[in-house]
Amino acid sequence: MPDELTSAERASYAEQLLKNPVFKEAMRAVEDDLIRDWSDTLPTQTNEREALWSQIQALKKIEETLTGYINEFKLGYSNKVKPGGDLKK
């Protein structure tokens, strides 16, 4: 089992992913496809619409989770730094 990532490492990897143009392109392409497929369903196709909507929400959750890793690190770091930049003991 690999060593667990530190908060800083997790935040760094998350930031790299969110800034990666191929990752961003892939996320947008998948979202666009899902929205198009959802738009092409009839209002009576409830199960299909719900499944597509759930997939769209899951896709957004990926980005939210990555952003959360970054924010958690920033918040944790800011709580360890005194005004002026010195680390708290």
Side-chain angles (χ1 to χ4, degrees):
M1 181 170 175
D3 293 333
E4 192 168 322
L5 295 174
T6 66
S7 179
E9 291 169 330
R10 186 178 294 108
S12 177
Y13 287 132
E15 189 170 32
Q16 288 173 36
L17 268 176
L18 289 173
K19 289 182 176 182
N20 183 296
V22 175
F23 178 78
K24 292 185 335 186
E25 180 182 343
M27 293 291 283
R28 293 295 75 81
V30 171
E31 183 178 28
D32 290 348
D33 288 347
L34 290 169
I35 290 170
R36 186 196 63 243
D37 291 348
W38 181 86
S39 297
D40 289 344
T41 60
L42 298 172
T44 56
Q45 294 176 296
T46 308
N47 290 340
E48 292 87 350
R49 293 170 68 85
E50 290 294 326
L52 289 164
W53 184 252
S54 293
Q55 291 175 53
I56 293 166
Q57 297 310 305
L59 193 63
K60 290 180 181 184
K61 184 69 175 171
I62 292 168
E63 289 182 324
E64 290 173 7
T65 300
L66 292 170
T67 301
Y69 291 153
I70 296 165
N71 291 337
E72 284 174 16
F73 171 70
K74 288 180 180 177
L75 181 60
Y77 182 76
S78 68
N79 287 337
K80 294 178 184 176
V81 177
K82 294 186 220 176
D86 294 329
L87 287 178
K88 295 179 185 176
K89 294 183 181 181

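Just so you know, these numbers come straight off a predicted model, no measurement behind them. Below, all heavy atoms of this structure are taken into account, side chains as well, without hydrogens, waters or symmetry copies.
Taking the side chain as every heavy atom from C-beta outward, Arg10 and Glu4 approach each other to under 4.5 Å.
Note on Tyr13: it does not cluster hydrophobically with Tyr69, by side-chain heavy-atom contacts below 4.5 Å among ILVMFWY residues. Phe73 is not connected to Ile70 by any chain of hydrophobic side-chain contacts under 4.5 Å among Ile, Leu, Val, Met, Phe, Trp and Tyr, and they are in different clusters.
Interatomic distance, CG of Asn20 versus CE of Met27, reported as 11.5 Å (0.5 Å rounding). Atom CD1 of Ile35 sits about 12.0 Å away from atom CD of Gln55, to the nearest 0.5 Å. Atoms CG and CG, on Leu66 and Asn71 in that order, are 11.0 Å from each other to the nearest 0.5 Å. With rounding to the nearest 0.5 angstrom, the CG atom of Asp32 is 10.5 Å from the CD atom of Glu25. How far NZ of Lys24 is from CG of Leu17: 11.5 Å, rounded to the nearest 0.5 Å. If you take OG1 on Thr67 and CD on Glu15, they are separated by 10.0 Å, rounding to the nearest 0.5 Å.
Across Trp53 and Trp38, no two heavy atoms sit closer than the pair N-CD1, 4.3 Å. In this structure, Glu48 and Thr41 approach most closely via the heavy-atom pair CB-CG2, 4.3 Å.
At a cut-off of 3.5 Å, with distance as the only test, a side-chain donor of Gln16 or Ser12 sits close to an acceptor on the other residue.
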Going by atom type alone, with no hydrogens or angles, which donor-acceptor pairs under 3.5 Å involve a side-chain atom of residues 56-64 and a protein atom two or more places apart or on another chain?
from  : atom 1 : to    : atom 2 : distance (Å)
Glu63 : OE1    : Arg28 : NH2    : 3.3
Glu63 : OE2    : Arg28 : NH1    : 3.2
Glu63 : OE2    : Arg28 : NH2    : 3.3

